[in-house]
Amino acid sequence: MIVLAMRPNQRVSSIPLSQTLALDARAKAMIAEGRDIINLSVGEPDFDSPAVVREAAKSLIDSGGVRYTPAGGTPSLRTAIAEHLTRSRGTAFSPAQITVCHSAKHALSGALLTLTEPGDEVLLLLPAWVSYFEMVRFAAGTPVAVAPRADLGPDFDTLRRAITPRTRGIMLNSPCNPSGYVFTPGEITALCDLARESDLWILSDEIYSRLVYDGAPYASPVEVSDDARERTVLVDGASKAFAMTGYRMGYLAASEEGASAVARLHSQLAGSPNAVGQHAFEAALADEPPEVAAMAHEFALRRTRLVADLCALGLQTPTPGGAFYVFSDVRPWTDERGSDGFCEDLLEAEGVAAVPGSAFGVEGRVRFSYAASAEALRAAVERLGRFLARRGRAQHFQDSAPT
Ligand code: PMP
Ligand code: GLU
C-alpha cells in the first residue's frame, strides 16, 4: 500500500544521496559480496584515532556521565577550540565565538541556513565539494559555480564576472576537496578584498588545514584583516585532522552573534553534540597527539608516489598541496558519459572505486583518495594501467596532450 501523505516533500525529494558516501557504500557492498574492490572513493583517513582520543572517549563512557551538554558545546571544548584557533590562525578567538556542531558538515549547513535568504547567490569555486551545492540549495540559496584556472586554482577574472547584485557570499575550501589545491596567502588576500568590495560573507571550510605539505604556508581569511575576519565564518573539525570521522565532531567560529545564532538553530534542530565526541576532541586538541604528524607525513609520501605513478600512465595529475586527494584528467579516455562513465566502467571492470569530477562540478576529471594503504594504491595504479590500455585513447585526443 502506498500512503501518499508519506511522500517526502519537494525540497527533500530533490536531494540526491551524497555521491561520495553513495560510492563508498556501493564499494563496501561489493566487498561484502566477496568482490575484490580497492576503494579510493571516500575521503576518510585510514589511520586509527590517536590513543589519547580513544582513552578520553572510554573514560567518559566509564564515568557513566554521558549526558546532554549545552547545544553549542561544552564550555571546556569551546575554550580548547578558541585557544587552538588563536594559536594556529594567529588571531584571537574567545569561547563565545565558537559553536560546536555534530560535524563540519553540520557546521557548514548551520552557517548556510543562518546566513542565506531565499534567492541569495552563493559563489562556489570549482571544483567544489559535492555537498556544497545541495547545502546552498536547501538553504534556499542559488549556488553559482565559478570555473577554475587550468591548474585548478581560483580564477579571479571569472570570479569577478560571476558577482551580481544578488551575490551574498562565497564558499572557500583550502586545501580543496577534491583537487588538494592550497590557496596562496596572496590569493586569500585577493579573495578577502573582493568580499569587502562586494560586501560578501566568506564561509571558509578549513577541514584539511592540518594536511598541507612541503612546508607551504597555510592562510585563512581570518588572519588577513579585521574586516575579513568579521565577514568570515571558519569551519573545521576532528574528522580529518585527528582521524576521528566516526566521532562526528565539527565547529564553527564566527562573531559572537553569528555563533550563538547557529547554536540556537541547532538547539531546536539537533540538540547538543555528542558528549563522548566532545570529550575526545578536547583531549586531541589539548595533547597534539604524535600520531597526527606521522599521519600527515605518510599522506605526503603517498601523494608523491601516486602523482608520479598516475602521470606515468599518462593521466595528467597536478601535485596537490594538501588534503588526501588527487584530481586526474581522464578526458582522453572518456566517452559520451564523461567522468561518470569512466568511474562506472573502472569499478565494474577493475574493481577500483573513485569519484567522478562531475560530482564536484568539473567534467573530465576523476578524484582518487590516497587515504588508502601504499599496497592498495600500488594495486590500484596497476589496475588503472590495465584499464586505460584496454580502453584506448579517444580519437579526438590522439594527437594532443591533455591540458
Ligand atoms: N568539508 C569538506 C571539504 C570535506 O571533504 C568534508 C568531508 N568529510 C567535510 C567538510 C565534512 O567533514 P565531517 O562532516 O566529517 O566533519
Ligand atoms: N568528505 C569526504 C569525501 O568527500 C567524506 C564523505 C562525505 O562526507 O561526503 O569523500
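All ligand and atom numbering here is 1-based and tracks the order in the structure. Because only heavy atoms are used, hydrogens play no part in the values below, and waters and symmetry mates are left out as well, while side chains stay in.
Considering both main-chain and side-chain atoms, Thr245 never comes within under 3.5 Å of ligand 1 through any nitrogen or oxygen pair. For Lys240, a nitrogen or oxygen atom sits less than 3.5 Å from a nitrogen or oxygen atom of ligand 1, counting backbone and side chain alike. Not a single N or O atom of Met249, backbone or side chain, sits closer than 3.5 Å to an N or O atom of ligand 1. By the 3.5 Å distance cut-off applied to N or O atoms, Asn173 is not counted among the residues near ligand 1.
Ligand 1 lies within reach of Asp205, whose nearest heavy atom is under 4.0 Å from it. Heavy atoms of His106 come nearer than 4.0 angstrom to ligand 1 in no pair at all. No heavy atom of Gly237 sits closer than 4.0 Å to any atom of ligand 1.
Using a 30° and 60° split on the angle between ring planes, Phe342 and Phe387 fall in the perpendicular class, above 60°. Ring planes of His106 and His266: parallel class, angle under 30° (limits at 30 and 60°).
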Practice prompt. Apply salt bridge (Lys or Arg N to Asp or Glu O under 4.0 Å) to Arg383 and Asp36, showing your working.
Written response: CA-CA 12 Å; Arg383 293 180 188 196; Asp36 174 19; 2.6 Å; yes

Worksheet entry | Trace of the salt bridge (Lys or Arg N to Asp or Glu O under 4.0 Å) decision for Arg89 with Asp236 | CA-CA 12 Å; Arg89 306 307 199 277; Asp236 201 344; 3.1 Å; yes

Check each N or O atom of ligand 2 against all protein N or O atoms and list the pairs under 3.5 Å, with atom names and distances to 0.1 Å, one per line.
| unit_1 | atom_1 | unit_2 | atom_2 | d |
| --- | --- | --- | --- | --- |
| ligand 2 | 1 (N) | Lys240 | NZ | 3.4 |
| ligand 2 | 4 (O) | Trp129 | NE1 | 3.0 |
| ligand 2 | 4 (O) | Asn177 | ND2 | 3.0 |
| ligand 2 | 4 (O) | Arg367 | NH1 | 3.0 |
| ligand 2 | 8 (O) | Lys105 | NZ | 2.8 |
| ligand 2 | 9 (O) | Ser18 | OG | 3.4 |
| ligand 2 | 9 (O) | Thr20 | OG1 | 2.6 |
| ligand 2 | 9 (O) | Lys105 | NZ | 3.2 |
| ligand 2 | 10 (O) | Gly43 | N | 2.7 |
| ligand 2 | 10 (O) | Arg367 | NH2 | 2.8 |

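The aromatic ring centroids of Phe299 and Phe47 lie less than 6.0 Å from each other. Under the 6.0 Å cut-off for aromatic ring centres, Tyr208 and Tyr325 qualify, their centroids lying closer than that. Aromatic rings of Phe133 and Phe360 (six-membered ring for Trp) have centroids beyond the 6.0 Å cut-off, not under it.
Of the protein's non-hydrogen atoms, Ala104 N, 2.7 Å is the one closest to atom 16 (O) of ligand 1. Looking at atom 9 (C) of ligand 1, its nearest protein heavy atom turns out to be Trp129 CH2, 3.4 Å.
Of the heavy atoms in Glu44, none comes closer than 4.0 Å to ligand 1. Within the 4.0 Å heavy-atom criterion, the part of Ser239 lying near ligand 1 is the side chain and not the backbone.
Residues that satisfy the ring pair (Phe, Tyr, Trp, His ring centres under 6.0 Å) test with Phe183, not counting sequence neighbours, are Tyr181. Every residue was checked against the side chain to side chain donor-acceptor pair (under 3.5 Å) condition with Glu230, not counting sequence neighbours, and none meets it. Taking Phe156 as the reference, nothing meets the ring pair (Phe, Tyr, Trp, His ring centres under 6.0 Å) condition, with sequence neighbours excluded.
Atoms of ligand 1 found under 4.0 Å from any heavy atom of Tyr208 (numbered from 1 in listed order, with element): 3 (C), 4 (C), 5 (O). For ligand 1, the atoms closer than 4.0 angstrom to any heavy atom of Arg248 are 13 (P), 14 (O), 15 (O). Annotation for ligand 1: atoms under 4.0 Å from non-hydrogen atoms of Asn177 are 3 (C), 4 (C), 5 (O).
One N or O on the side chain of Asn173 and one on the backbone of Pro175 form a donor-acceptor pair closer than 3.5 Å. Remark: the backbone N or O of Ala216 is not paired with any side-chain donor or acceptor of Asp214 at under 3.5 angstrom.
A donor-acceptor contact closer than 3.5 angstrom links the side chains of Tyr218 and Glu206.
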